[in-house]
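Single-structure report; data block below.
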Amino acid sequence: MHSQAPDVGVPPLLDALRSGTALLHVALEKRLPFFAPRLDADWYQRVLQAYYGFYRPIEARLHDGGLIPIGFDQALRAKTPTLRNDLNALGLSDEAISALSQCPSLPHLDTPAACLGALYVLEGATLGGQILRREMAQRLALNADNGGAFLNVYGTETGRRWKRFLDYLADVPLAPPRPPAGRGCGALDIQLF
Ligand code: HEM
């Protein structure tokens, strides 16, 4: 993950997203149990259920909101179906999956900029997923067919899709950030034309 120091040569939007989320990423890494010695198959399943409870509503809201700037291939990048397949492979019925708790406090996705911020997080998570995939394969023998597909959701395309996402971010026309007064949402508070 990246430090909060400005990165020379990195587009300002990406730099703002990285520095605005770096500490949150560190906190998240500490909170997630993937490297915990006690992690077992049951715990992994609970983590995946929690992921589902976040991805399902946030992807639905991003999709339904219609505010994502043009050029983002939503259908190709949807991750909820892969999570659902993993949960099925782990033994959950469709009914049980539909009944899983949904995150009630999603980020506000009421502007194109907020959507871009959320997409940065969702797309960037596929990078760390590569490390988690290897760890889960080693420790719990998980693979794409038995509940581990989400951690490798883009497979060999991971690097290329991240690069394409960064190109997309770089191409979105942006106005300078608003002054700090008013609603403060840090790195994501960037206006779009
Ligand atoms: C224990 C769990 C996690 C680990 C070990 C981890 C690890 C990493 C690593 C090593 C990278 C850099 C990869 C690269 O540059 O090739 C990365 C990038 C990133 N991760 Fe994670 N990650 C974890 C969880 C998450 C989660 C759950 C999210 C989102 C909710 C997330 C969001 C991001 C983002 C946005 C980036 C891209 C940073 C950038 O290059 O701009 N990570 N992660």
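First listed ligand is number 1; within each ligand, the first listed atom is number 1.
Residue-to-ligand polar distances keep Trp162 apart from ligand 1: every N/O pair is separated by 3.5 Å or more. Considering backbone and side-chain N/O atoms, Tyr51 never comes within less than 3.5 Å of an N/O atom of ligand 1.
Heavy atoms of Leu28 found under 4.0 angstrom from ligand 1 belong exclusively to the side chain. In Thr21, neither the side chain nor the backbone holds a heavy atom less than 4.0 Å from any atom of ligand 1. Contact annotation: for Leu122 versus ligand 1, there are no heavy atoms closer than 4.0 Å.
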Test ring pair (Phe, Tyr, Trp, His ring centres under 6.0 Å) applied to Tyr52 and Phe150, step by step: CA-CA 10 Å; Tyr52 183 80; Phe150 169 73; over 10 Å; no

Verdict with reasoning, Asp42 to Arg46, per salt bridge (charged side-chain N to carboxylate O under 4.0 Å, His left out): CA-CA 6 Å; Asp42 280 351; Arg46 290 207 303 281; 5.7 Å; no

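For Arg133 and Gln130, the side-chain atoms include at least one donor-acceptor pair closer than 3.5 Å. With no hydrogens or angles considered, no side-chain donor-acceptor pair links His63 and Glu59 at under 3.5 Å. In this structure, a donor-acceptor pair under 3.5 Å is absent between the side chains of Gln49 and Tyr44.
Taking 4.5 Å as the limit, some side-chain heavy atom of Arg77 sits within range of a side-chain heavy atom of Phe165. With contacts defined as side-chain heavy-atom distances shorter than 4.5 Å, the pair Tyr168/Pro69 qualifies.
The distance from ligand 1 to the heavy atoms of Leu32 drops below 4.0 Å at these ligand atoms: 2 (C), 27 (C). Close approach of ligand 1 to Tyr120 (heavy-atom distance below 4.0 Å) involves ligand atoms 35 (C), 37 (C), 38 (C), 39 (C), 41 (O). The Ile131 neighbourhood of ligand 1 comprises atoms 10 (C), with distances under 4.0 Å to a heavy atom of that residue. Counting the atoms of ligand 1 from 1 in the order shown, those under 4.0 Å from a heavy atom of Val121 are 29 (C), 30 (C), 32 (C), 35 (C).
Of all the listed residues (Arg18, His25, Glu135), His25 holds the heavy atom that lies closest to atom 42 (N) of ligand 1.
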